[in-house]
Trainee: 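A single structure is presented below for examination.
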Amino acid sequence: MDAVHADHGSSLQGAQAIWSTKMGQELKKKGAISVALFLIIFVISALIATSWVDMSIFPGASSQKALITSAESHNSTQKNHGYSLNCSADHNTTQTCPKTYPTRHEPDYSSSSSEACPEYFRWIYQDLEPWRKSNGISKDLVESGKSVADIRIVVVNGRVYMEKYRGVFQTRDVFTVWGILQLLRLYPGKLPDLDLMFGCGDRPVIRKKDYRGVNAGKAPPMFHYCGDDSSLDLIFPDWSFWGWPEISIKPWESLKKELEESNHKTKWVEREPYAYWKGNAGVSPTRQDLMKCNITDNQDWNARLYTLDWNHEFRNRFKHTNLANQCLHRYKIYVEGVAWSVSEKYILACDSMTLLLNSHYYDFFTRSLLPTVHYWPISQNDKCQSVKFAVDWGNTHPEKAQEIGKEGSKFIEEELKMEYVYDYMFHLLNEYAKHLKYKPTVPPGAVEVCSETMACNAKGLDREFMIESMVKSPSNKRPCTMPPPIKDSDLRDFQERKANLTEKVKMWEASGNFSGFQF
Ligand SMILES: *[C@@H]1O[C@H](CO)[C@@H](O)[C@H](O)[C@H]1NC(C)=O
Ligand SMILES: *[C@@H]1O[C@H](CO)[C@@H](O)[C@H](O)[C@H]1NC(C)=O
Ligand SMILES: *[C@@H]1O[C@H](CO)[C@@H](O)[C@H](O)[C@H]1NC(C)=O
Ligand SMILES: *[C@@H]1O[C@H](CO)[C@@H](O)[C@H](O)[C@H]1NC(C)=O
Ligand SMILES: *[C@@H]1O[C@H](CO)[C@@H](O)[C@H](O)[C@H]1NC(C)=O
Ligand SMILES: *[C@@H]1O[C@H](CO)[C@@H](O)[C@H](O)[C@H]1NC(C)=O
């Protein structure tokens, strides 16, 4: 807990106080929680905005004035083997980027053979399929996405430019752009010129059904954090990998380590033999429905469910929502909010068997997870019964339940290392660029961004998380090697296998008979 809550410095406290007051007013005004998606291991859930105002502490990289007029200056030059963050006067006041970033890095790769990327990288081809079929991406096509995009990111000769079209919830855009900047530091000179439209909301924005018939081939490519079967958004890792300062969720690299350590604290058999969930239940009917499965005087579905009091948490800066101390139950429930929830990785990382509900939306890595292998599927219609069955089964088959829990955690530990998150971005952007039919240029409204313009004048946790997640030196390894594209037949097989496994559990559950189930 304390590690997650290091001293944030007074400037953040001030900012956060203002922010939570605003938030409180907003909530009061709306009379309902319209903000949601948010999660944590002890607390976890997801806070998403269905409608929102820009309440960010740090208004965004394109709001250069806000950065320049910030009261406090940071006169530090942080040198970290190779890369520095040059916050000397030149860069903090004029908001210019140093001219001196390395534009190439060619270490001797001969000693290191390039490793294969995880299987889930194959979804990259799948996501780009519509533009492969329609013979590429023109500038007009990209710009036709302007009306739904929140930001545009352009990379020309290794330098990054950003145009912000509208307000974005909290600092999602800031930490998304930060992530791209770090990718360029990791692989200098290895990314092609790019022109990306990005949607930073909760739900996917490009609907398949709008691009059939006469509109076939006219879908604008849109980067976004999640997708579903009826959308065409290109799935990109969400901001939480670099940190979510508003709710004190640290950058993934260090949080992942803490989670791994906390996993060793309480052995599976010593954990509470129940299914645990804590989060913001107000954001979706499914979550509200799930709350009916909580223990009462008359009924025990083996679920222990807790709602999160947001105002209270903001006041306490999420002190009681520490993720790394939360692997205390044998089963943990994952349930979507407005769309995907960033909590999935934290829940899966726990070694507890994940009970997965309502996985309608996917993010970049979750499509490769399999029921009864990485998690236990919970049926949508009969949630309470289904949770009870899963827990009863697990408690009577602890070895098998632990195995599923371990498999889920292993996936997160091994396949969702930060280096793979960067490699996924790297390959997605490279594959995307292959479809571009024009040479990207800097659009008139865009401003250059770099680690300096973003971090030098940032305050509190924003700054802390940026410094922490900053890439300190270029990689001496090649990015992992992409697996071949998924054959249509393999894709069908995979989906069938997944559906079969889910169906099997459902039938088995209906029979109410534990024995005789073969995986
Ligand atoms: C930038 O840093 C210099 C010191 O190097 C300081 O005098 C100045 O006030 C800073 N500017 C801002 C806007 O923080
Ligand atoms: C900023 O840092 C430089 C180098 O450490 C130092 O020479 C300079 O005096 C500092 N400026 C301020 C305003 O603190
Ligand atoms: C920081 O930037 C200033 C202005 O561009 C430059 O003069 C200085 O040498 C840089 N410092 C470092 C350590 O790179
Ligand atoms: C679920 O039950 C527990 C124990 O009675 C209680 O503490 C908790 O607040 C309940 N959760 C919800 C969402 O009502
Ligand atoms: C799914 O189940 C059907 C019917 O039981 C079976 O024929 C098929 O081979 C299964 N598919 C996979 C991929 O396991
Ligand atoms: C449960 O399944 C097993 C194995 O298929 C079978 O032997 C047993 O009779 C079943 N029990 C009941 C009560 O149906």
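These figures come from a predicted structure and were not determined experimentally. In listed order, ligands and their atoms are each counted from 1.
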Trainee: Quick check on the 6.0 Å ring-centre criterion: do Trp123 and Tyr362 meet it?
Mentor: no
Trainee: Show the protein residues that qualify under the rule heavy atom under 4.0 Å from an atom of ligand 5, listing them in chain and number order.
Mentor: Asp493, Glu496, Arg497, Asn500
Trainee: Assess, by modelled atom type and distance only, whether the side chains of Asp228 and Ser231 contain a donor and an acceptor separated by less than 3.5 Å.
Mentor: yes
Trainee: Numbering the atoms of ligand 4 from 1, which are under 4.0 Å from a heavy atom of Leu305?
Mentor: 1 (C), 8 (C), 10 (C), 11 (N), 12 (C), 13 (C)
Trainee: Consider only side-chain N and O atoms of Trp340 and Asp238, and report whether a donor and an acceptor are under 3.5 Å apart.
Mentor: yes
Trainee: So, for Phe241 and Phe364, is the gap between ring centers shorter than 6.0 Å?
Mentor: yes
Trainee: Relative to the heavy atoms of Met291, which atoms of ligand 4 are at a distance of less than 4.0 Å?
Mentor: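 Matching atoms, with element in brackets: 13 (C).
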Trainee: Between Glu419 and Tyr424, do the side chains contain an N or O donor and an N or O acceptor separated by less than 3.5 Å?
Mentor: no
Trainee: Under 4.0 Å, heavy atoms only, figure out whether ligand 4 is touched by the backbone of Asn294, its side chain, both or neither.
Mentor: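 Under 4.0 Å from ligand 4, Asn294 contributes side-chain atoms alone.
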Trainee: Sequence neighbours left out, what pairs pass side chain to side chain donor-acceptor pair (under 3.5 Å) with at least one residue falling in residues 480-493?
Mentor: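 Output for this query lists Ser114-Thr481.
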Trainee: Taking the basic N atoms (NZ, or NE/NH1/NH2) and the acidic carboxylate oxygens, is any pair closer than 4.0 Å for Glu407 and Lys410?
Mentor: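 Result for this pair is yes, salt bridge flagged.
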